[in-house]
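Report on one structure; see the data block that follows.
Remember, it's 1-based here, ligands and their atoms both numbered in the order they're listed. Keep in mind that the numbers below use all heavy atoms, side chains included, and drop hydrogens, waters and symmetry copies.
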Amino acid sequence: MTMMVAFHDVSKIFPDGTVALRGVSLEIPRGAFTVLLGASGAGKSTLLYLVNGMTRASAGAVDVEGVRIGPRTLRHVQRTVSMIHQQFQLVDRLSVLDNVLSGALRDISTGRALIKWFTAEQRRRACELIEMVGLGPEHVYRRASDLSGGQQQRVAIARAFISMPRIVLADEPVSSLDPGTSEEILTLLKDTARQFGVTVLCSLHQVDLALEFADHIIGMRQGRLEFEGPAHEKREALARLYDKAEQEHCETLIQQH
Ligand code: ADP
């Protein structure tokens with residue numbers, strides 16, 4: 001399988017001295033749904049932010065489709081990457097349509113977003129995506145803040161795909177949703193990505209969801225890579241990611257699957 005992203009001995013130390021990543025080397029397979037699993041503080045968000053340039057490695061290097069991220073390549077790489085957030089991060093006062101369209105604006109200033117500078121083709125594609133993520137015509141002009149959490153995350157998925165990314169990063173995308181909605185959203189994200197041939201790197205802290213959705217699992221603990229591999233081979237290793245108190249619960253979940 002060819003690789004989409006490669007991390008080469010990456011470390012991240014924040015200015016206050018916090019070590020978020022310690023010598024992480026790993027590869028993200030192209031076209032797969034890869035889950036980054038680990039407890040809070042394990043370094044998952046930091047790893048995701050390295051891929052879209054929101055943070056820079058203190059040591060080591062990151063390649064996206066063979067292009068090393070650096071000052072001269074960052075914008076090129078950013079054009080191929082979209083992100084989905086835990087708190088959706090829609091613009092509350094804008095409509096569903098305008099939020100989705102804003103995903104097409106990565107190269108244009110937000111000033112243009114405000115004067116609604118979009119082509120007919122962009123609008124058509126936005127409407128198609130809104131339908132694809134399961135929202136009806138009645139939602140198109142509704143304000144984002146009037147939607148439920150699950151609906152807002154659907155809008156965020158449409159926004160992520162409108163720019164035709166090669167890779168979508170999802171940072172704990174279901175942490176603020178109830179279990180039923182979480183399953184729906186992860187199913188939607190996985191199906192949409194598969195349909196467009198897009199690679200997904202999704203952080204989660206829930207073992208059961210990782211087992212259900214991951215093609216490939218990366219386990220992290222305290223800034224280190226704990227294990228990596230196809231999801232079906234990694235079940236026993238999952239319990240190691242968590243503290244003693246959580247391990248028993250984790251093992252029960254693994255047996256149920
Ligand atoms: P996760 O996503 O697995 O919860 P993070 O990548 O957010 O983990 O964080 C890893 C570690 O880095 C944690 O100890 C966190 O407190 C720390 N951290 C994250 N961002 C910063 C920052 N801007 N400054 C200092 N420490 C940070």
Side-chain angles (χ1 to χ4, degrees), residues 4-28 32-64 69 74 77-78 81-89 149 153 156-157 160 167-177 179 182 185-186 189 199-229 231 234 237-247 249-250 253-254:
M4 188 72 194
V5 183
F7 296 88
H8 304 283
D9 203 13
V10 171
S11 293
K12 176 68 186 181
I13 305 169
F14 284 104
D16 69 355
T18 306
V19 183
L21 296 173
R22 303 162 195 266
V24 174
S25 293
L26 63 88
E27 294 182 326
I28 310 297
F33 192 97
T34 295
V35 168
L36 206 50
L37 185 67
S40 177
K44 305 183 297 296
S45 304
T46 304
L47 200 72
L48 291 176
Y49 291 158
L50 285 166
V51 180
N52 71 352
M54 277 173 68
T55 196
R56 273 168 48 186
S58 310
V62 182
D63 297 337
V64 177
I69 297 183
L74 184 59
V77 170
Q78 283 173 331
V81 181
S82 287
M83 184 126 193
I84 295 169
H85 304 269
Q86 179 176 343
Q87 296 297 340
F88 326 128
Q89 300 203 359
Q153 200 59 305
I157 290 172
I167 177 164
V168 168
L169 309 172
D171 191 11
E172 301 253 8
V174 297
S175 284
S176 8
L177 303 174
S182 297
I185 290 296
L186 289 174
L189 177 57
T199 301
V200 178
L201 181 55
C202 174
S203 69
L204 293 174
H205 64 266
Q206 304 95 324
V207 173
D208 52 341
L209 292 177
L211 285 170
E212 187 176 347
F213 289 96
D215 300 318
H216 192 84
I217 296 191
I218 290 163
M220 293 190 61
R221 186 183 167 92
Q222 294 173 0
R224 288 201 175 82
L225 180 70
E226 191 80 12
F227 59 78
E228 183 204 357
K234 292 297 157 196
L238 296 179
R240 291 210 308 267
L241 298 178
Y242 297 89
D243 295 333
K244 276 267 179 293
E246 287 177 73
Q247 278 188 14
H249 171 62
C250 183
L253 284 171
I254 292 164

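- In this structure, atom 15 (C) of ligand 1 has no protein heavy-atom contact shorter than 4.0 Å.
- The contact set between ligand 1 and S45, taken as ligand atoms under 4.0 Å from a residue heavy atom, comprises 1 (P), 2 (O), 6 (O), 7 (O).
- The protein atom (non-hydrogen) at minimum distance from atom 8 (O) of ligand 1 is G43 N, 3.1 Å.
- Considering backbone and side-chain atoms together, A20 places no N or O closer than 3.5 Å to any N or O of ligand 1.
- A distance-only check finds a donor-acceptor pair linking the side chain of Q153 to the backbone of H85 [under 3.5 Å].
- Residue contacts with ligand 1 leave out G38, since none of its heavy atoms falls under 4.0 Å from the ligand.
- Residue E172 comes nearest to S203 through the heavy atom pair N-OG, 2.8 Å, listed as atom of the first residue, atom of the second, then distance.
- Remark: ligand 1 and F14 share no N or O pair separated by less than 3.5 Å (distance only, no angle test).
- Nearest protein heavy-atom neighbour of atom 17 (C) of ligand 1: T18 CG2, 3.6 Å.
- Between the K44 side chain and the L204 main chain, no donor and acceptor come within less than 3.5 Å of each other.
- Backbone and side-chain nitrogen or oxygen atoms of A42 are examined, and one is located within less than 3.5 angstrom of a nitrogen or oxygen of ligand 1.
- No side-chain donor-acceptor contact under 3.5 Å links D215 to the backbone of A32.
- A donor-acceptor pair under 3.5 Å is absent between the side-chain atoms of T199 and the main chain of M4, judged by distance alone.
- Residue K44 places at least one N or O, backbone or side chain, under 3.5 Å from an N or O of ligand 1.
- For atom 9 (O) of ligand 1, the nearest non-hydrogen atom of the protein is T46 OG1, 3.9 Å.
- For the ligand labelled ligand 1, residue A39 lies inside the 4.0 Å heavy-atom shell.
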